[in-house]
Amino acid sequence: MSKLKVAVLISGRGSNLQALIDAAADPAYPAEIVSVVSNVPGVMGLERAGKAGLATATINHRDFAGREPFEAALTDHLRAVGAELVCLAGFMRLLTDGFVSAWHDRLLNIHPSLLPAFKGLDVQQRAIDAGVRFSGCTVHYVRPAMDSGPIIVQAAVPILAADTADTLAARILEQEHRIYPLAVRLFAEGRLTIVDERVVVADARPSGDALVNPA
Ligand code: GRF
């Protein structure tokens, strides 16, 4: 069976990219990474891709006169590699409505909070400051408004009294590395349907009991 062709867009460390690389190393995984694109030269994610023997491209937004020409180059590349799904994984550029519409229902993002709470940046500190007992991460389809769009998978983690933004980020990141490969698998298996901007997952296995924090 032919695998879903995925392009991954990064700007830095690339630990979520690594999780996707590791998942795709399983011959039974239904998706393959056809290109890793960074808008920032020399980042660690590009190294990870190189080590895995993947094709990479650097499309530096600074080389372009504005968002539209940058995105036109990006689109040309994504078409050339035959991408069927585009995964944002720590990609730190806002995309125009035009780009997002062109990839409607074929563009995913991962965000380190339980959306729609805590969109934007500095989310771990903001969750701690708000005193919420849980945070987590979300994989969602991308819509024009930042960090919005139909939710595919979420993972929740407790926030502990001693947490700093860094310790919370690390706890959340571990779950990011589980749910991004899961979301891409569900997409590739054709199990996702969007109904009224909500995702229906075919044959979904519900998660277990409720979590209470503090226990
Ligand atoms: C992750 O926390 C992701 O949720 C956010 O940016 C970070 C990227 O980390 N969008 P990495 O580059 O995948 O390690």
Side-chain angles (χ1 to χ4, degrees), residues 1-27 29-112 121 137-144 146-147 149 152 173 176-189 192:
M1 209 185 76
S2 83
K3 293 182 183 235
L4 179 81
K5 292 181 165 52
V6 178
V8 184
L9 270 50
I10 62 168
S11 300
R13 175 178 61 181
S15 71
N16 278 290
L17 163 68
Q18 188 68 56
L20 292 169
I21 290 172
D22 294 345
D26 178 352
Y29 195 71
E32 63 177 331
I33 300 172
V34 292
S35 182
V36 175
V37 185
S38 176
N39 68 311
V40 181
V43 294
M44 200 203 300
L46 287 170
E47 253 173 67
R48 295 178 191 267
K51 263 193 200 137
L54 297 174
T56 64
T58 300
I59 303 178
N60 186 345
H61 60 279
R62 292 171 193 269
D63 294 342
F64 297 86
R67 283 188 201 279
E68 269 92 8
F70 164 66
E71 290 178 358
L74 197 54
T75 300
D76 284 349
H77 175 79
L78 295 172
R79 288 217 187 103
V81 297
E84 298 166 299
L85 175 70
V86 176
C87 291
L88 307 179
F91 182 72
M92 300 305 285
R93 295 299 292 172
L94 288 177
L95 295 163
T96 65
D97 292 6
F99 184 90
V100 171
S101 305
W103 290 91
H104 190 78
D105 293 352
R106 294 182 303 151
L107 181 59
L108 307 187
N109 182 43
I110 186 156
H111 180 77
L121 296 174
C137 45
T138 304
V139 180
H140 63 96
Y141 285 97
V142 175
R143 295 292 184 256
M146 186 189 51
D147 295 328
I152 301 169
L173 197 62
E176 294 186 39
H177 299 161
R178 292 174 63 188
I179 70 169
Y180 217 166
L182 170 60
V184 170
R185 171 194 289 281
L186 294 172
F187 183 101
E189 289 175 348
L192 305 179

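These values consider heavy atoms only, across backbone and side chains, with no hydrogens, waters or symmetry-generated copies. As the structure is a prediction and not an experimental result, all values here were calculated from the model.
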Should Leu173 and Asn16 count as side-chain neighbours, where that means a heavy-atom distance under 4.5 Å?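 Yes, side chains in contact.
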Between His177 and Gln18, is the side chain to side chain contact (heavy atoms under 4.5 Å, CB included) condition met? List the steps. CA-CA 8 Å; His177 299 161; Gln18 188 68 56; over 6 Å; no
Does anything in residues 74-88 pair up under side chain to side chain donor-acceptor pair (under 3.5 Å), and if so which pairs, sequence neighbours excluded?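 Qualifying pairs: Ser35-His77.
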With a 3.5 Å distance limit and no angle check, can you tell me whether Arg67 reaches the backbone of Leu94 through a side-chain donor-acceptor pair?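 Yes; at least one donor-acceptor contact below 3.5 Å.
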Please tell me if the side chains of Leu20 and Val6 come closer than 4.5 Å, counting only heavy atoms from C-beta onward.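 Counting from C-beta outward, Leu20 and Val6 never come under 4.5 Å.
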Salt bridge Asp97-Arg143, side-chain N to carboxylate O under 4.0 Å: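 No, this pair does not count.
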Residue pair Arg48 / Ser15, side-chain heavy-atom distance below 4.5 Å: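 A side-chain contact under 4.5 Å exists here.
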Given side chains that start at C-beta, do those of Val86 and Phe91 come closer than 4.5 Å, heavy atoms only?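 The answer is no; the side chains never approach within 4.5 Å.
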If the plane angle is over 60° it's perpendicular, under 30° parallel, otherwise tilted; pick one for Tyr141 and Phe187.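 Plane angle between 30° and 60°, so tilted.
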Between OG1 of Thr138 and CD1 of Ile110, what distance do you get to the nearest 0.5 Å?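 Taking OG1 in Thr138 and CD1 in Ile110, the distance rounds to 8.0 Å.
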How long is the gap from CD1 on Ile152 to OH on Tyr180, to the nearest 0.5 Å?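 The OH atom of Tyr180 is 8.0 Å from CD1 of Ile152, to the nearest 0.5 Å.
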Taking atom CE of Met92 as the centre, report whether more than 12 heavy atoms of other residues, nucleotides or ligands fall under 6.0 Å from it.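 No, because the 6.0 Å sphere around CE of Met92 holds 12 heavy atoms or fewer from other groups.
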Could you walk me through whether Val142 and Leu95 satisfy the side chain to side chain contact (heavy atoms under 4.5 Å, CB included) test, starting with their C-alpha distance in whole Å, then the side-chain angles of each, then the deciding distance to 0.1 Å, before giving a yes or no? CA-CA 10 Å; Val142 175; Leu95 295 163; 5.6 Å; no
